[in-house]
Amino acid sequence: MTQRIGNAVAAIVILSVVVTMFPGDTFAQQSKSGGSVDELLKSIGLNKPSMSRAPDFNLRDANGGASSLNAFRGSLVLLNFWATWCGPCREEMPSMEQLSRNFGSQGLVVVAVNQRENAALVNKFMKTHGLNFATPLDVDGRVAASYRVYGIPVTYLIDGNGQAIGMKSGPRDWASAEVVSVFRKLIGDSGGGTGGSTDLEPSVPLPNMLRVKAAGTLVRSQQDPYSEIVGKLERAEELVPLGKVSGAGEFWYMVKTKSGAVGWVRGAEVDEGRTGK
């Protein structure tokens with residue numbers, strides 16, 4: 001359920017930006033994979049927004065870099081507003097990370113714009129939850145106001161011409177099979193290839209839980225044995241699986257630990273629990 005932002009509450013806003021290139025205005029008219037864009041978006045719960053033109057923004061991210069909406073002109077942009085205190089927002093973030101990883105080599109980018117919090121706090125939150133998208137800081141809340149955000153989470157989809165073409169109020173599982181299928185159709189129409197990217201497996205049922213095989217197993221911030229360590233696990237510790245990806249001859253699970261940290265473990269380092277009744 002959407003959480004209201006009170007006048008006395010300092011809202012934290014994240015803009016998740018999914019980017020992919022589309023030739024001309026083909027995307028704005030119709031998906032060659034079947035059905036109009038409006039129909040595809042409606043099938044995953046995105047309605048036509050009341051505004052047509054998406055307001056630009058120019059912000060500094062938590063690492064000091066610059067970020068603007070116009071920088072993604074010519075690309076498809078998924079703009080998601082969220083706050084760290086918002087439970088439904090936190091719940092959908094791992095699936096946004098999965099969507100980003102699945103289509104990253106095809107131009108998908110997630111940009112998390114935080115409102116009214118300092119860089120250190122934002123960076124700590126992202127690291128704790130194994131999230132890797134950029135985090136611009138909306139220090140005065142003007143970006144959220146320009147998008148008429150009165151409750152969070154809220155998500156806008158913006159085409160390559162800067163037009164808002166879809167809007168979702170409330171949380172969404174952005175790594176579900178139906179969402180991934182729609183994005184594959186939209187992004188596939190651009191002719192982009194997957195290259196050497198890691199492939200998300202949304203159609204494969206996840207086990208109810210995972211059990212760690214050996215003490216000292218490491219949870220990583222990315223599906224990379226050299227990425228930052230998020231946590232160290234105990235033997236037989238139970239993990240909640242959030243997703244599964246494969247690539248480069250192995251597979252990884254995105255997991256949530258008993259301490260609440262979110263990260264990645266190798267599939268070879270855990271045993272799957274039973275999924276059946």
For [X] and [Y], work out which heavy atoms get closest and say how close.
X: N161; Y: R53; result: O-NH1, 2.6 Å
X: I165; Y: P49; result: C-CD, 3.5 Å
X: L41; Y: G166; result: CD1-CA, 4.2 Å

Practice problem: Would you mind reporting whether V37 and L157 have side-chain heavy atoms less than 4.5 Å apart? | Solution: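 No, side chains not in contact.
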Self-check item: Min side-chain heavy-atom separation K232-T217 under 4.5 Å
Solution: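 The answer is no; the side chains never approach within 4.5 Å.
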Quiz item: Going through the distances and angles, do L242 and V255 end up as a side chain to side chain contact (heavy atoms under 4.5 Å, CB included)?
Solution: CA-CA 5 Å; L242 302 175; V255 299; 5.9 Å; no
Output all residues satisfying side-chain hydrogen bond (donor to acceptor under 3.5 Å, both in side chains) with [X], sequence neighbours left out; order by chain, then residue number.
X: R148; answer: S50
X: K48; answer: none
X: S181; answer: none
X: S52; answer: none

Quiz item: Between T155 and F81, is a side chain to side chain contact (heavy atoms under 4.5 Å, CB included) present by the stated rule, with each step listed?
Solution: CA-CA 6 Å; T155 301; F81 293 79; over 6 Å; no
Could you list the residues that satisfy side chain to side chain contact (heavy atoms under 4.5 Å, CB included) with [X], not counting sequence neighbours?
X: S146; answer: P55
X: E234; answer: E237, K258
X: S95; answer: E92, D173, W174, A175
X: N63; answer: D61, N123

How many angstroms lie between [atom1] in [X] and [atom2] in [Y], if you round to the nearest 0.5 Å?
X: E272; Y: L210; atom1: CD; atom2: CG; value: 6.5 Å
X: I44; Y: S176; atom1: CD1; atom2: OG; value: 7.5 Å
X: L131; Y: F125; atom1: CG; atom2: CZ; value: 6.5 Å
X: N118; Y: K124; atom1: CG; atom2: NZ; value: 11.0 Å

Quiz item: Linking I/L/V/M/F/W/Y whenever any side-chain heavy atoms sit under 4.5 Å apart, do L79 and M51 land together?
Solution: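 Same cluster.
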Quiz item: Does one hydrophobic cluster hold both L218 and Y253, with members joined at side-chain heavy-atom distances below 4.5 Å?
Solution: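 In one cluster: no.
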Quiz item: Which of these, V143, V122, L59, sits in a side chain to side chain contact (heavy atoms under 4.5 Å, CB included) with L137?
Solution: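 Running side chain to side chain contact (heavy atoms under 4.5 Å, CB included) over V143, V122, L59 with L137 returns exactly one hit, V122.
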Of all residues at least two apart in sequence or in a different chain, which pass the salt bridge (Lys or Arg N to Asp or Glu O under 4.0 Å) check with [X]?
X: E178; value: R172
X: R142; value: D140
X: R211; value: E238
X: D56; value: none

Quiz item: Does the side chain to side chain contact (heavy atoms under 4.5 Å, CB included) test come out yes or no for M167 and V154, once each step is laid out?
Solution: CA-CA 7 Å; M167 191 274 283; V154 169; 4.1 Å; yes
Quiz prompt | Derivation and outcome, side chain to side chain contact (heavy atoms under 4.5 Å, CB included), residues K168 and N47 | solution = CA-CA 6 Å; K168 173 73 173 74; N47 299 313; over 6 Å; no
